[in-house]
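Each remark here refers to the structure printed beneath this line.
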Amino acid sequence: MDPYKHRPSSAHNSSLWTTNRGAPVWNNNSSHTVGDRGPVLLEDYHLVEKLAQFDRERIPERVVHARGVSAKGFFEVTHDVSHLTCADFLRAPGVQTPLIVRFSTVIHERGSPETLRDPRGFAVKFYTREGNFDLVGNNIPVFFIRDGMKFPDVIHALKPNPKTHIQEPWRIMDFFSHVPESCHMFTFLFDDWGIPSDFRHIEGFGVHTFKLINRDGKETYCKFHWKPTCGLKFLLDEKAVVVGGTNHSHATKDLYDAIASGNYPEWKLYIQTMDPSDEDKFDFDPLDDTKTWPEDLFPLQPVGRMVLNKNIDNFFNENEQLAFCPGVIVPGIYYTDDKMFQTRVFSYSDTQRHRLGPNYLLLPVNAPKCSHHNNHHEGFMNFMHRDEEVNYFPSHFDRVQHSERVPLPRNPVSGAREKRIIPKENNFKQPGERYRSWPHDRQERFIQRFADALSDVRVTDEIRSVWISYWSQCDRDLGNTLAKRLAKKASM
């Protein structure tokens with residue numbers, strides 16, 4: 001007779017309380033004490049286990065993108081791009097690939113309001129037949145800086161003051177007064193764009209320039225764009241205060257409710273492409289992540305659609321433990337020499353190993369859906385059952401084969417070792433063009449927000465002068481109006 005036949009198979013699906021090791025718990029209300037009034041005995045294993053588990057329920061919060069929500073769905077190819085890339089999940093129209101998406105705010109804490117002025121993260125994990133592809137981007141097509149050396153400083157400046165734990169404008173204005181390439185990003189962040197109405201009404205961008213590689217090894221520069229079928233919506237400052245005061249999780253609720261009701265959010269994926277041989281023909285560097293590619297020169301080409309049709313089952317497992325890295329790519333898609341991109345390839349996986357552990361890619365939400373094989377053994381939280389005797393390569397006892405060779409970039413790399421800024425900075429042309437594209441009322445709101453930030457009591461006249469100079473180089477009227485606005489504020 002099987003002694004386990006009539007017992008529940010695990011604590012997970014049992015109707016009876018057990019400890020983690022499966023021992024029955026006959027009293028989950030009272031601790032083991034000396035007499036009915038105590039003291040409590042340390043030998044109460046169940047109490048110690050319960051408290052120890054509770055004490056460790058929270059993993060370290062993400063340094064950035066701490067506040068987020070995820071949802072699952074699929075990507076479907078609608079247009080043939082096989083001439084550009086050998087990526088299997090893009091092989092033909094009609095091909096569908098399961099995926100999970102995480103939307104987030106960037107700077108603020110895990111429980112912060114979703115109405116704060118902040119970039120929004122837009123990260124997509126494709127579970128392809130050739131492994132995962134993480135397209136890790138934002139709702140803004142450019143970034144503050146072009147060199148990852150400055151990334152910790154960017155985040156420190158945007159985060160709360162380490163002394164007061166308050167996000168203070170003077171720190172932001174001070175740091176970025178040394179970073180003229182940030183002007184383009186600020187024309188998004190301080191624009192109406194800076195507070196989306198929710199996650200369903202935002203665009204997504206890969207931000208960086210990628211390389212597509214086809215089966216013949218031909219390389220093409222590429223920019224990724226997600227366009228929501230329901231359009232863009234933003235919250236003006238006064239409305240954001242009302243919405244945030246009513247529900248600090250309004251965007252999470254909006255996404256969850258839409259999917260639960262069958263109103264599935266959808267985005268179209270477009271790409272812009274450029275022949276690498278043309279990269280020196282423009283007044284900007286195509287690999288500079290503070291620049292966009294003009295759509296009149298590089299039109300958007302449709303690729304497919306993404307539909308989010310399933311809410312996650314467990315917030316911790318599929319949101320807090322969900323981990324992305326721009327270095328997670330598939331054959332047919334590759335990195336470029338964008339300095340910020342190159343830095344993120346290392347940094348993202350490094351932070352996940354700190355936050356979740358060295359085996360974070362074994363967690364179900366991060367693991368590939370296709371078969372995978374390697375000799376990465378043991379380590380913290382490695383729960384994969386393995387019974388092989390050979391954990392090295394090559395071996396006569398383990399006949400595992402190399403995968404089929406895939407095309408890789410073949411352009412030669414040469415040059416002196418240097419620490420330098422790129423030759424074509426051109427920091428002010430594109431932000432000026434963006435500002436001039438707005439109607440007058442939108443320009444006025446932008447100027448007012450920036451004037452308010454520069455009016456912080458700890459912002460010096462020197463910092464204000466730098467910013468007036470920057471914005472004057474973007475657009476003369478913008479600089480003049482900002483200067484007048486600041487002079488008026490100073491006289492009040």
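Since we're looking at a predicted model, the values are computed, not measured.
Taking the ring centre of Tyr127 as origin, the terminal cationic atom of Lys369 falls inside the region bounded by 6.0 Å and 45° from the ring axis.
Donor-acceptor pairing under 3.5 Å is lacking for the side chains of Arg171 and Asn161. Under the 3.5 Å distance criterion, with hydrogens and angles disregarded, no donor-acceptor pair is assigned to the side chains of Glu114 and Ser249. A donor atom on one side chain and an acceptor atom on the other are found under 3.5 Å apart for Asp275 and Ser277. Judged purely by distance below 3.5 Å, without hydrogens or angles, the side chains of Thr164 and Glu168 pair a donor atom with an acceptor atom. Side-chain contact of Arg445 with Gln448: a donor-acceptor pair under 3.5 Å is absent, judged by distance alone. With 3.5 Å as the limit, one finds no donor-acceptor pair spanning the side chains of Arg485 and Asn480.
Under a 4.0 Å N-O distance rule, the pair Asp288/Lys291 qualifies as a salt bridge. Using a 4.0 Å cut-off between a side-chain N of Lys or Arg and a carboxylate O of Asp or Glu, Asp191 and Arg442 qualify as a salt bridge.
For Phe346, the CZ atom counts as loosely surrounded, since its 6.0 Å shell holds 12 or fewer non-hydrogen atoms of other residues, nucleotides or ligands. For Arg436, the CZ atom counts as densely surrounded, since its 6.0 Å shell holds more than 12 non-hydrogen atoms of other residues, nucleotides or ligands. Residue His354 places its NE2 atom among 12 or fewer non-hydrogen atoms of other residues, nucleotides or ligands, all under 6.0 Å distant.
Looking at residues two or more places apart in sequence or on another chain, you find a salt bridge (Lys or Arg N to Asp or Glu O under 4.0 Å) between Arg117 and Asp237. In this structure, the ring-ring contact (aromatic ring centres under 6.0 Å, His included) partners of Phe210, at least two apart in sequence or on a different chain, are Phe224, Phe341. With sequence neighbours left out, the ring-ring contact (aromatic ring centres under 6.0 Å, His included) criterion links Phe133 to Phe89, Phe126. Take Tyr221 and apply the ring-ring contact (aromatic ring centres under 6.0 Å, His included) test, not counting sequence neighbours, and it matches no residue. With sequence neighbours left out, the side chain to side chain contact (heavy atoms under 4.5 Å, CB included) criterion links Leu297 to Phe282, Pro294. When the ring-ring contact (aromatic ring centres under 6.0 Å, His included) test is applied to Trp193, the partners found at least two apart in sequence or on another chain are Phe188, Phe234. Evaluation of the salt bridge (Lys or Arg N to Asp or Glu O under 4.0 Å) rule for Asp461 yields Arg464 as partners, not counting sequence neighbours. In this structure, Lys233 has no side-chain hydrogen bond (donor to acceptor under 3.5 Å, both in side chains) partners at least two apart in sequence or on a different chain. Partners of His225 according to the side-chain hydrogen bond (donor to acceptor under 3.5 Å, both in side chains) rule, which considers only residues two or more places apart in sequence or in another chain, are Gln272.
You'll find the ring centres of Trp467 and Phe186 inside the 6.0 Å limit.
The salt bridge (Lys or Arg N to Asp or Glu O under 4.0 Å) pairs that include a residue from residues 301-311 are Glu76-Arg305, Glu266-Arg305, Lys310-Asp313, where partners are two or more places apart or lie in different chains. For residues 407-438, the set of pairs meeting the ring pair (Phe, Tyr, Trp, His ring centres under 6.0 Å) definition, not counting sequence neighbours, comprises Phe428-Tyr470, Tyr435-Trp438, Trp438-Phe446.
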Sequence neighbours excluded and cut-off under 3.5 Å, please list the side-chain donor-acceptor pairs for residues 149-160, or say none.
{"from": "His156", "atom 1": "ND1", "to": "Pro152", "atom 2": "O", "distance (Å)": "3.4"}
{"from": "Lys159", "atom 1": "NZ", "to": "Val63", "atom 2": "O", "distance (Å)": "2.6"}
{"from": "Lys159", "atom 1": "NZ", "to": "Ile107", "atom 2": "O", "distance (Å)": "2.7"}

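Screening Phe103, Phe75, Phe74, Trp226 for a ring-ring contact (aromatic ring centres under 6.0 Å, His included) involving Trp267 leaves a single residue, Phe103.
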